[in-house]
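We name chains A, B, ... by the order of the sequence lines, and we start the count at 1 in each one.
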Amino acid sequence: MPSSEIQVVLPDGSKKALPAGATGADLARAVGPGLAKAALAIRVNGEIRDLQRPLPDGATVAILTNKDPQALEVLRHSSAHALATAVRQIFPQAQIGFGPPIEDGFYYDFDIGRPFTPEDIEAIEKKMAEVTKADYPFTREEVSRAEAKKRFRDDPLKLERISDLADNEIISIYTDGPFVDLCRGPHVPSTGKIQHFKLLHAAGAYWRGDERRQMLQRIYGTAWFTKQDLDQYITRLEEARKRDHRVIGKQLDLFSIQEDIGPGLIVWHPNGAILNFELRRFIEDIILQRGYQLVYTPNVTREQLFLRSGHLPLYAANQFPAMAAGEGESEEVRYRVKPMNCPMHILIYASQQRSYRDLPIRLAEIANVYRNERSGTLHGMLRVRGLSMDDAHIFLREDQIEEEIFNMLDIVELVMGKTFGLQYRLDLATRPDKKLGTDAMWDVAEKALESALKRRGLQYKMDVGGGAFYGPKIDIKFNDAIGREWQGATIQLDYELPERFKLEYTGADNKPHRTVMLHRAIFGTLERFVGFLIEHFAGAFPLWLSPTQVRVLPIADGQMDAARAVHETLRQAGIRSHLDERSETLNYKIRDAETHKIPYMAVVGQREAEAKSVAVRGRGAGNKQVVMPVAEFVQKLKEEVHTRSLKPLI
RNA sequence: GCUGACGUAGCUCAAUGGUAGAGCAGCUGAUUUGUAAUCAGCAGGUUAAGGGUUCGAGUCCCUUCGUCAGCUCCA
């Protein structure tokens, strides 16, 4: 082949010859004018690039258009640049930070010496529309480190970034119209490709995510290929707001957080208390069947205990201050509300000699612990200061670790997947900077968790540096209504506390051995888990969890006695029934039950009263009603509760 | 904790610096209803708390508390 020509492989496997130095744009043109117009970026040997870069010979390539999710990411990245272009036009002195694409959109960080006002954002959005209309091409150039430093000599934030780049890294600069930015790219061909965007909000963000450094002002935006996609996204945000557990919690009278009581402290109202109660009963049944033992330990303890456990020096900022008990304030008599249960469970383990035959010993407690979380982090039920942990600590031999974790993951799957049908993600979190114990301990611990995950054949992601300070962990994560990620279940290996408390068992060799310890929670905390369930079910809980399971609706006062009899029968059968005695129309009562997400309405009219039957209307089922004898209704309800069915059986 | 926005009846929201209002919920009465809102009346407020400016503050200023979004930190 002559050197003046190159060849690339297209997605369908066919080969295409191009002149040497041909770019992605040239390729698109060569394939067809339609594609040339639609082309946004190109995948070269798996790497997303601009269309303007020359193609290497023999590359496997794919032109990306608005059909491709990866192109959407590029579009959003370019949108961030268009945003910065607009900001620099309005505030020429603005310092610029980073501007990456994110899920559903993009952001860019600025420093204009003051925060942005809502009016600023409006003006910026208008200016940004001008920038996109101007259709500035994005041009890429590669420069030397010295050149880059010269070009950005007035941009201290960019200079800092440049000096952090590795020596061998290629430094590229992108220009769109008047705006020049240090950027790895890639970008769409021109700002005119950005048509459907919206700036959402501004908020402070620390430079490089470090709270010790200056705070920049971040502007968030969203961008899509079509107006329809953009509108859909805005609608999705509105819909998500309706699922918000704080909104539904109020509507269904599940819980409150009150200024008089304190932020981050959940007050469970009767309806919410049912959720709490059922979940406790559910998980306790499961773990008792699997060899766990329930314990109860105090809410306060001598501070000394947390000194010994090593928590206090690292965790003091998250603990409520000490309180004095007895005389004076010597360490002997200072008490703390507990932020975790492990030291107490350890003392139960240590209260007698343990044989290798006794292990594993599994101590479980759904306990209230209190953590003084920073005020800005609190969020409804999902981030609180008073936590009901479904905690357990397992004391075992090193050779039992993998099997135990294997079995814990089974419980996780049973609860999260099988019972609630939840989508969740597994993370393996490894050693953080701030940690207890030696690297050798961490090596062993991390390996043990990983092999259990592998043996179960589960997909997981590495979360490097995300571990607790006392050991690595497997975290189960889920998203809330508006897409934020939270941690639920957690399984943590701990070689540190057994060391500190000198936990031992007597082995078959009649010699003392160091005990290994596992911390685990399945729900995580009842607060967070319930908050998550509220959003997951949008308040329409499965029957076994529903605060009110049946509302009995007499059509008129004439059927009140018959309705009361049905209500009593249901209650005797253990069904949470409520009798709607109000002097309202049937339509009104049905509407009210629907808006309260009651699973079943049992209508009792003249016909039902005479036949000792009920006309059952399921939640959200419209007027598809089923008439059946009361006894049969009870039977079906009991079955649905007993099987914890996610689907109504009637 | 930091940056910004916000805080009015139980809930959702109105009110140029000039008499604090509506809908829903609640209560009372009438209505007795067959599958998503019957009608009428009544009651409900130190406008988060405290201070200041002003003839006059829900509205402007300050402090505190709280909420929301984001950052940081975490179950």
Side-chain angles (χ1 to χ4, degrees), chain A residues 107 109 114-118 120-121 200-220 241 244 246-247 250-251 253 256-260 262-264 315 317-318 339-340 369 371-385 387-391 432 434 466 468-469 473 475-477 482 484 486-490 492 519 521-529 531-532 553-560 582-595 601 603-608 615-618 620-625 627:
Chain A
Y107 68 77
D109 290 341
R114 63 165 177 86
F116 291 108
T117 64
D120 289 335
I121 301 293
L200 298 173
H201 53 263
Y206 299 109
W207 168 233
R208 312 202 86 174
D210 186 339
E211 67 178 318
R212 289 165 304 193
R213 307 207 54 179
Q214 76 194 97
M215 182 164 266
L216 307 177
Q217 296 300 318
R218 176 172 298 176
I219 298 178
Y220 284 89
R241 271 199 55 75
D244 191 313
R246 294 164 300 184
V247 174
K250 210 171 265 175
Q251 281 166 356
D253 195 20
S256 64
I257 300 167
Q258 307 198 23
E259 199 170 334
D260 286 339
Y315 210 71
N318 279 320
M340 42 193 71
V369 300
R371 300 179 179 180
N372 193 11
E373 302 289 339
R374 292 157 90 178
S375 60
T377 64
L378 300 177
H379 181 88
M381 292 185 116
L382 298 181
R383 184 76 181 268
V384 296
R385 286 187 174 146
L387 303 70
S388 311
M389 299 196 70
D390 71 313
D391 208 0
K434 210 160 110 178
F469 60 81
K473 51 182 186 167
D475 288 332
I476 282 79
K477 300 195 169 167
I482 49 180
R484 286 175 297 209
W486 299 89
Q487 187 183 310
T490 183
Q492 312 183 347
H519 311 245
I522 302 299
F523 296 140
T525 65
L526 284 173
E527 286 77 14
R528 183 172 286 181
F529 196 70
F532 177 52
L553 311 182
I555 288 177
D557 287 356
Q559 294 94 48
M560 194 60 76
R582 294 173 297 183
S583 163
E584 294 287 352
T585 59
L586 180 63
N587 276 344
Y588 179 91
K589 292 182 209 173
I590 287 173
R591 182 184 152 78
D592 195 58
E594 287 283 3
T595 56
M601 288 161 257
V603 178
V604 180
Q606 191 60 41
R607 296 195 292 271
E608 289 78 15
V616 180
R617 177 183 164 129
N623 53 11
K624 271 185 284 176
Q625 60 159 346
V627 181

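- Toward the 5' end of RNA chain B, the nearer of the two residues A:Thr117 and A:Gln559, judged by each one's closest nucleotide, is A:Thr117.
- When the P atom is compared between B:rA20 and B:rA36, the two are found 44 Å apart, to the nearest whole Å.
- At least one donor-acceptor pair closer than 3.5 Å links the side chain of A:Arg528 to the backbone N or O of A:Gln487.
- Put simply, CE on A:Met340 and NE2 on A:His519 are 8.5 Å apart, with the number rounded to the nearest 0.5 Å.
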* To do: Determine, step by step, whether A:Glu594 and A:Arg617 satisfy the side-chain contact (heavy atoms from CB on, under 4.5 Å) criterion, reporting the C-alpha distance in whole Å, the side-chain angles of both residues, the deciding distance to 0.1 Å, and the verdict.
  => CA-CA 10 Å; A:Glu594 287 283 3; A:Arg617 177 183 164 129; 3.4 Å; yes

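- Counting only Watson-Crick and G-U wobble pairs whose two key distances fall under 3.5 Å, RNA chain B forms stems of three or more stacked pairs at B:1-7 with B:65-71, B:10-13 with B:21-24, B:26-30 with B:38-42, B:48-52 with B:60-64.
- Across the protein-nucleic acid pair, A:Leu586 atom CG and B:rU35 atom P stand 7 Å apart, rounded to whole Å.
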Mind listing the side-chain donor-acceptor pairs of residues 584-591 of chain A below 3.5 Å, one per line with the distance, residues two or more places apart or on another chain?
residue	atom	partner	partner atom	Å
A:Thr585	OG1	A:Tyr588	N	3.1
A:Lys589	NZ	A:Pro554	O	2.8
A:Lys589	NZ	A:Arg582	O	3.3

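- Contacts of A:Tyr206 classified as ring pair (Phe, Tyr, Trp, His ring centres under 6.0 Å), with partners at least two apart in sequence or in another chain: none.
- One finds no salt bridge joining A:Arg208 and A:Asp210 here, because no Lys/Arg side-chain nitrogen approaches an Asp/Glu carboxylate oxygen to under 4.0 Å.
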* In B/S/- notation, 5' to 3', how is nucleotides 25-32 of chain B contacted by protein heavy atoms closer than 4.0 Å? -> SS----BB

* Give the intermediate values and the outcome of side-chain contact (heavy atoms from CB on, under 4.5 Å) for residues A:Arg114 and A:Asp120. => CA-CA 11 Å; A:Arg114 63 165 177 86; A:Asp120 289 335; 2.7 Å; yes

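- When the C1' atom is compared between B:rU64 and B:rA22, the two are found 32 Å apart, to the nearest whole Å.
- Taking each heavy atom of A:Gly380 and A:Ile257 in turn, the nearest pair found is O-CD1, 3.7 Å.
- One interatomic measurement links the two molecules: CG of A:Asp120 to P of B:rA5, which rounds to 11 Å at whole-angstrom precision.
- Rounding to whole angstrom units, CZ of residue A:Arg114 and C1' of B:rA5 are separated by 15 Å.
- Here the C1' atom of nucleotide B:rU3 and the CH2 atom of A:Trp207 are 17 Å apart, to the nearest Å.
- Taking atom C1' in both B:rG52 and B:rU19, the straight-line distance is 25 Å, to the nearest Å.
- Distance CD/A:Gln492 to CG/A:Asp475: 7.0 Å, rounded to 0.5 Å.
- To the nearest angstrom, P of B:rU33 lies 15 Å from CD1 of A:Ile590.
- Rounded to whole Å, the separation between the C1' atoms of B:rG44 and B:rU3 comes to 39 Å.
- Phosphate proximity of B:rU35 to A:Asn587: absent, as no side-chain N or O sits under 4.0 Å from OP1 or OP2.
- Here A:Asp109 contributes atom CG and A:Gln217 contributes atom CD; the two are 9.0 Å apart, rounded to the nearest 0.5 Å.
- Comparing the C1' positions of B:rU38 and B:rC24 gives a spacing of 16 Å, expressed to the nearest Å.
- Here A:Gln251 lies out of heavy-atom contact (under 4.0 Å) with every strand.
- Rounding to the nearest 0.5 Å gives a distance of 7.5 Å between CZ of A:Arg484 and CG of A:Leu382.
- Between atom CZ of residue A:Arg383 and atom CZ of residue A:Arg385 there is a gap of 10.0 Å, rounded to the nearest 0.5 Å.
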* Asked: Reading nucleotides 63-75 of chain B from the 5' end, what letters show protein touch, with B for base, S for backbone sugar-phosphate only, - for no heavy atom under 4.0 Å?
  -> --BSSSSBBBBBB

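- Nearest heavy-atom pair across A:Gly264 and A:Val384 is O-CB, 3.2 Å.
- A distance of about 13 Å separates the P atoms of B:rG58 and B:rG50, rounded to the whole Å.
- Within the 4.0 angstrom heavy-atom criterion, no nucleotide atom of any strand lies near A:Gln214.
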* Evaluate side-chain contact (heavy atoms from CB on, under 4.5 Å) for A:Glu373 paired with A:Leu378, printing each intermediate quantity in order. => CA-CA 7 Å; A:Glu373 302 289 339; A:Leu378 300 177; 4.0 Å; yes

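- Across B:rA9 and B:rA25, the matching C1' atoms stand 11 Å from one another, rounded to whole Å.
- Side-chain to base pairing of A:Gln625 with B:rU35: one donor and one acceptor N or O lie within less than 3.5 Å of each other.
- Using P as the reference atom, B:rA48 and B:rC42 are 28 Å apart when rounded to the nearest Å.
- With rounding to the nearest 0.5 Å, the separation of CG in A:Asp390 from OG1 in A:Thr525 is 8.0 Å.
- Base contact: A:Ala615 has a heavy atom under 4.0 Å from a base atom.
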Extract from the structure each pairing of a protein N or O with an N or O of nucleotides 10-14 of chain B at less than 3.5 Å, listing the distance.
none

